[in-house]
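Start at 1 and go down the list; that is how both ligands and their atoms are numbered.
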Amino acid sequence: MQNKKLTIALDCDDVLFDCNEEAVKMLNKAYGTHYSKTDIKTWGYTGSLLDERICFFEDPGFVSNQKLLPGAKEFVQQLLSMDAVKDIVLVTAVLPQCASARYQSIIRLLPEINPDNVVITCNKSCIQADIMLDDGVHNLDSAVHIKNRVLFDQPWNAKEDRYFRVKNYEEFIHYVQSNNPMF
Ligand SMILES: [Mg+2]
């Protein structure tokens, strides 16, 4: 076993932060609908009223109020405690008007993360790391400098089969521990 230290790039929305589930709840409240996150079958626009949830993503107030997903904080702490892990970089694609809100949320909710390791960009091709975890297939596609790209299971990526898929944080920890090709 090599003693290689890993840099891991983690996406924020729908990987660490609750995004679409909260947006769907707000949509249902506004329109009296009964959608659930599992109704989002594709990335982006679906051609239905569900698309109205995307408007929330343009609002810095929405971004400020986003909560961590259950277990996300412990997940980050566990990764940082692993001998194999050198660093975590958070890579988050928010609109320009939401950049400050996202950065401040990360500092407030995840003080474990080095503030220097927060990258706000919609262009994930510029990221260099050993492993990337993201729920957006287009983000994994563009992250050409990262050898180990892992898909975080969400309804909108269910049909994707080109990437190693993890259904939860435990599976990703196991991937880093046991299946990491760096070792
Ligand atoms: Mg995401």
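- Using bins of under 30°, 30° to 60° and over 60° for the plane-to-plane angle, the ring pair Phe56/Phe62 lands in the parallel bin.
- Checked against the 6.0 Å centroid threshold, Tyr163 and Phe152 do not count as a close aromatic pair.
- The residue from His138, Arg165, Lys41 that alone fulfils the side chain to side chain donor-acceptor pair (under 3.5 Å) condition with Asn157 is Arg165.
- Between the side chain of Lys73 and the backbone N or O of Leu68 there is no donor-acceptor pair closer than 3.5 Å.
- Checking Asp135 against the Mg ion (ligand 1), an N/O/S atom falls under the 2.8 Å cut-off.
- Closest N/O/S atom of Asp13 to the Mg ion (ligand 1): O.
- The nearest N, O or S atom of Asp11 is closer to the Mg ion (ligand 1) than 2.8 Å.
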